[in-house]
Amino acid sequence: MLREKAFDFWKTYIGLMTKGGVDVSMTNPAVTFTADAKAGEYDDISDEEYYELLDFTEELASFWKKNREATAGAVLLEALVNTDLSLSETDT
């Protein structure tokens, strides 16, 4: 996962948890990415950038377990379960 995008993900979802947003419904990012691609949102970027975004989106979308939507709490839990971090990385 790209560092900046990973930081944004964790900041958003942990922020939701700390503000009582555990049951907020979140759309799978693959749904949004596909709609944006069909609308031509990525026509002006290089193939390399496009595939980098696609790979990131697919990695992120895995936290939705193939569902179109999931609650913020379920997404965060799935992310925690599937993110392999060392203790030093967790501390950072």
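Model, not experiment: these values are computed from the prediction. All residue numbers in this chain count up from 1 along the given sequence.
By the side chain to side chain contact (heavy atoms under 4.5 Å, CB included) test, Ile14 pairs with Trp10, Thr18, Leu76, sequence neighbours left out. Partners of Ala74 by side chain to side chain contact (heavy atoms under 4.5 Å, CB included), not counting sequence neighbours, listed by chain and number: Thr71.
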When the side chains of residues 35-46 are checked against the rest of the protein, which donor-acceptor pairs come out under 3.5 Å, sequence neighbours left out?
residue, atom, partner, partner atom, Å
Ser46, OG, Glu49, N, 3.1
Ser46, OG, Glu49, OE1, 3.3

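Smallest separation of non-hydrogen atoms from Asn28 and Ala61: OD1-CB, 3.1 Å. Gly21 and Ala72 get closest at one heavy-atom pair: O-CB, 3.5 Å.
Grouping Ile, Leu, Val, Met, Phe, Trp and Tyr residues whose side-chain heavy atoms lie under 4.5 Å apart, directly or via other members, places Leu77 in a hydrophobic cluster with Val81.
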**OP:** Take Leu80 and Tyr13 through the test side chain to side chain contact (heavy atoms under 4.5 Å, CB included) and record every step on the way to the result.
**Re:** CA-CA 11 Å; Leu80 287 169; Tyr13 283 82; over 6 Å; no
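Put simply, NZ on Lys11 and CG on Leu16 are 12.5 Å apart, with the number rounded to the nearest 0.5 Å.
Val75 and Val31 are members of different hydrophobic clusters when ILVMFWY side chains are connected at heavy-atom separations under 4.5 Å.
Residues in residues 62-81 take part in these salt bridge (Lys or Arg N to Asp or Glu O under 4.0 Å) pairs, two or more places apart or across chains: Lys65-Glu78.
Side-chain atoms of Asn67 come within 3.5 Å of backbone atoms of Trp64 as a donor-acceptor pair (strictly under, hydrogens ignored).
Each of Phe56, Tyr51, Tyr50 was checked for a ring-ring contact (aromatic ring centres under 6.0 Å, His included) with Phe33, and the lone residue meeting it is Tyr50.
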